[in-house]
There are 2 protein chains.
Amino acid sequence: MATSARQGPYFCGIDAAMDVVTGKWKSLILWELQEHGTRRFAELRRGLPGVSEKMLVQHLREMEEDGLVNRRVYPVVPPKVEYSLTEHGVSLNAALESLAVWGQERIQRIGADKITVEAA
Amino acid sequence: MATSARQGPYFCGIDAAMDVVTGKWKSLILWELQEHGTRRFAELRRGLPGVSEKMLVQHLREMEEDGLVNRRVYPVVPPKVEYSLTEHGVSLNAALESLAVWGQERIQRIGADKITVEAA
DNA sequence: GGGGGTGCTCACCTTGGGGTGAGTACCGCA
DNA sequence: TGCGGTACTCACCCCAAGGTGAGCACCCCC
């Protein structure tokens with residue numbers, strides 16, 4: 001099921017990490033939260049053009065179960081929820097750094113388009 | 001299409017890298033080829049318990065198109081094909097190292113099972 | 001002479017990841 | 001008075017990723 005923590009069994013560390021990062025938007029969510037520290041639901045939605053609310057909720061729930069993000073709910077009348085990275089989320093992001101660099105080089109190599117997100 | 005090189009557009013380096021590594025067995029194939037240097041088709045199949053021949057062929061083709069692996073065919077009577085990493089494949093694997101370490105720690109944390117592959 | 005190995009291809013089917021659109025309870029603003 | 005924002009849930013649908021099983025052309029070994 002998509003709503004319970006992933007738990008292997010795994011061949012090696014790579015697929016244990018991939019398991020947690022697989023999902024169309026997860027790496028982007030990690031990125032967003034790293035860049036901005038703390039973000040509200042709607043801010044994340046705006047920061048990831050094309051994401052559906054359903055997937056955003058679902059991914060955030062899974063990442064919470066996997067211990068990557070903190071979810072903080074303020075019991076105020078217009079709902080307010082803040083998401084941030086846990087220490088595991090931060091370290092995962094650090095581990096993704098070298099992958100990001102490799103990806104950048106690949107983008108250059110193949111001359112792929114890049115989506116630029118205008119700051120809100 | 002699954003049989004043409006992936007080409008974005010991308011949000012950032014991470015998803016450019018993820019794009020190339022996404023696929024149930026790709027990271028494991030990378031791992032196998034790194035560990036053994038050069039492997040024949042049937043050796044890879046045996047090294048990845050549970051992979052179907054169809055998926056193995058398909059993933060290898062895609063990785064070839066993405067410039068990650070070399071495919072070398074020997075025109076001998078019982079077919080012989082050898083796969084190895086290109087320099088891009090090697091550097092991708094290096095970039096995955098820190099992810100692998102993170103994944104190992106995660107396996108420890110959650111106490112997940114690990115699949116051990118008996119050497120052939 | 002037939003069973004197993006080699007490296008595939010092809011056709012078919014299932015699964016689930018992800019998208020779409022509606023509904024909700026309450027508020028502020030025009 | 002009604003529209004838009006906030007953070008969701010729910011029902012439904014679709015397509016592609018992945019699995020299954022067969023076939024192939026040729027060989028070696030028992």
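Computed from a predicted structure; not experimentally measured. To find a chain, count down the sequence lines: A is the first, B the second, and so on, and within it residues start at 1.
With sequence neighbours excluded, no residue forms a side chain to side chain donor-acceptor pair (under 3.5 Å) with Glu43(A). Scored by the side chain to side chain donor-acceptor pair (under 3.5 Å) test, Glu35(B) finds no partners at all (sequence neighbours excluded). Checked against side chain to side chain donor-acceptor pair (under 3.5 Å), His59(B) has no partners two or more places apart in sequence or in another chain. Annotation: side-chain contact (heavy atoms from CB on, under 4.5 Å) contacts of Lys80(B) (sequence neighbours excluded): Arg40(B), Tyr74(B), Val76(B), Glu82(B). With sequence neighbours left out, the side-chain contact (heavy atoms from CB on, under 4.5 Å) criterion links Ser52(A) to Lys54(A), Met55(A). Scored by the side-chain contact (heavy atoms from CB on, under 4.5 Å) test, Ser98(A) finds Ala95(B), Ser98(B) as partners (sequence neighbours excluded). Looking at residues two or more places apart in sequence or on another chain, you find a side chain to side chain donor-acceptor pair (under 3.5 Å) between Lys26(B) and Glu62(B). In this structure Glu64(B) satisfies the side-chain contact (heavy atoms from CB on, under 4.5 Å) test together with Arg61(B), Val69(B), Arg71(B), sequence neighbours excluded.
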Can you check nucleotides 28-30 of chain C for protein contacts, nitrogen or oxygen pairs under 3.5 Å, and list what you find?
none

Might you list the N or O atoms of the protein lying below 3.5 Å from N or O atoms in nucleotides 7-12 of chain D, with each pair's distance?
from   : atom 1 : to       : atom 2 : distance (Å)
dA7(D) : OP1    : Arg40(A) : NE     : 2.9
dA7(D) : OP1    : Arg40(A) : NH2    : 2.9
dA7(D) : OP1    : Val81(A) : N      : 3.4
dA7(D) : OP2    : Ala42(A) : N      : 2.9
dC8(D) : OP1    : Arg71(A) : NH1    : 2.4
dC8(D) : OP1    : Arg71(A) : NH2    : 3.3
dC8(D) : OP2    : Arg71(A) : NH1    : 3.2
dC8(D) : OP2    : Tyr83(A) : OH     : 2.8
dC8(D) : N4     : Glu53(A) : OE1    : 2.4
dT9(D) : OP1    : Arg61(A) : NH2    : 3.4

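Rounded to whole Å, the distance from CG on Leu56(A) to C1' on dT20(C) is 16 Å. Remark: C1' of dA16(D) and CD of Glu62(B) are 12 Å apart, rounded to the nearest angstrom. Remark: P of dT20(D) and CE of Met55(B) are 12 Å apart, rounded to the nearest angstrom.
The hydrophobic cluster analysis finds Val77(B) isolated: no Ile, Leu, Val, Met, Phe, Trp or Tyr side chain comes under 4.5 Å of it, directly or through other members.
No side-chain heavy atom of Tyr83(B) sits less than 4.5 Å from a side-chain heavy atom of Asn70(B).
Near DNA chain C, meaning a heavy atom under 4.0 Å away, the residues from residues 14-28 of chain A are Gly23(A), Lys24(A), Trp25(A).
Close to dG17(C), at under 4.0 Å from its OP1 or OP2, lies no side-chain N or O of His59(A).
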